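Notes follow once the structure below has been shown.
All values derive from a computational prediction rather than experimental measurement. Just so it is clear: chains get the letters A, B, ... in the order the sequence lines come, proteins before strands, and each one is counted from 1.
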Number of protein chains: 2
Amino acid sequence: MHDLRRKLSDAGLRPTRQRLRLGWLLFGSGDRHVTAERLFEEALAARTPISLATVYNTLNQFTSAGLLREIAVDGAKTYFDTNLSEHQHFLTEEAQILIDLPQQLIDMSRLPEPPEGMEIARIDVVVRLRRKKV
Amino acid sequence: MHDLRRKLSDAGLRPTRQRLRLGWLLFGSGDRHVTAERLFEEALAARTPISLATVYNTLNQFTSAGLLREIAVDGAKTYFDTNLSEHQHFLTEEAQILIDLPQQLIDMSRLPEPPEGMEIARIDVVVRLRRKKV
DNA sequence: ATTTGTGCAAATCGTTTGCATCTGA
DNA sequence: TCAGATGCAAACGATTTGCACAAAT
């Protein structure tokens, strides 16, 4: 509880009602992958009066404060991940659900040389799944 | 030239003026990474009367016909790749330019077991680059 | 003649923003 | 008190779609 207030103020964010609520939903129960829309619905279901715009703003603020990580999945929607460690994802095509991959897939020893003057910022890996046809 | 007409009709697509033009721009000069907007500008520059909607439609048709591959980069824009082989990309953050990676990054021997009833459809890897700070 | 493609403008979808109003330190 | 947050609605940018017209088989 107080960790959360702490977490927010350490990040330079005022612990407002809605930020505490969203923080609680996000960080209260292990690793999570959420979209803005989803989190908005959860907040409403939890009787937290909040606007979708605030959910978007909050997710972005949490992300630049380093409390969340944005996940690069193509398509329209943006996902946010509470698991900040280096890891990758399964993505199920229909349900659009993300699952953490159990291990590193990248062979770091074979990382390519980036072009002159550039460095590697991040490597995104998404393993797309489809329903197995029988 | 006739390859292209051939390519289109093999794919069940009528070789119309605009499809031939776009096909020519796309497949006429090695591997390419394009957005709809970009290809639209090129077509106009090449004095091909075409509408942006048709460019979108055509890119999607080419993709479902297996002539193009969609690249999963997060963010708003969708990229299409004429290189159909298994490969990955560098992405420069500001310029939003894609570059083919010289080699496979994925350690295929360590591919994870997909969840029950699912199979791996595709693995997307994007190596994000940033300008090296001096 | 029939089917398929094209162009335009309007519609959609996720996300952002401007601005007036509220709220927490 | 007063900077910073919130909510709403309008703005946005990429993409899709509905429909009348045009072109290909």
How many Å lie between CD on Gln61(A) and C1' on dA5(D), as a whole number?
8 Å
Judged by nearest nucleotide, the residue sitting upstream toward the 5' end of DNA chain C, Lys77(A) or Arg19(B), is Arg19(B)
Verify the contact: side-chain N or O of Tyr56(B) to OP1 or OP2 of dT15(D), cut-off strictly under 4.0 Å; return yes or no.
yes
With a cut-off of less than 4.0 Å, is there a side-chain N or O of Gln18(B) near OP1 or OP2 of dG7(C)?
yes
From CG of Asn60(A) across to C1' of dT17(C) the rounded distance in Å is 12 Å
Separation of atom CG in Leu59(B) from atom P in dT16(D), rounded to whole Å
10 Å
Just compare dT4(C), dT6(C), dT6(D) and give me whichever is closest to any side-chain atom of Thr16(B).
dT6(C)
Would you kindly give the CG-to-P distance between Leu52(B) and dT17(D), to the nearest whole Å?
14 Å
Just to confirm, is there a sub-4.0 Å distance from OP1 or OP2 of dG24(C) to any side-chain nitrogen or oxygen of Arg17(A)?
yes
Output yes when at least one side-chain N/O atom of Ser51(A) is less than 4.0 Å from OP1 or OP2 of dG7(D), else no.
yes
Closest of dT15(C), dG7(D), dG24(C) to the Thr54(A) side chain is dG7(D)
Counting only side-chain N and O atoms of Asn57(B), is one of them less than 4.0 Å from OP1 or OP2 of dT16(D)?
no
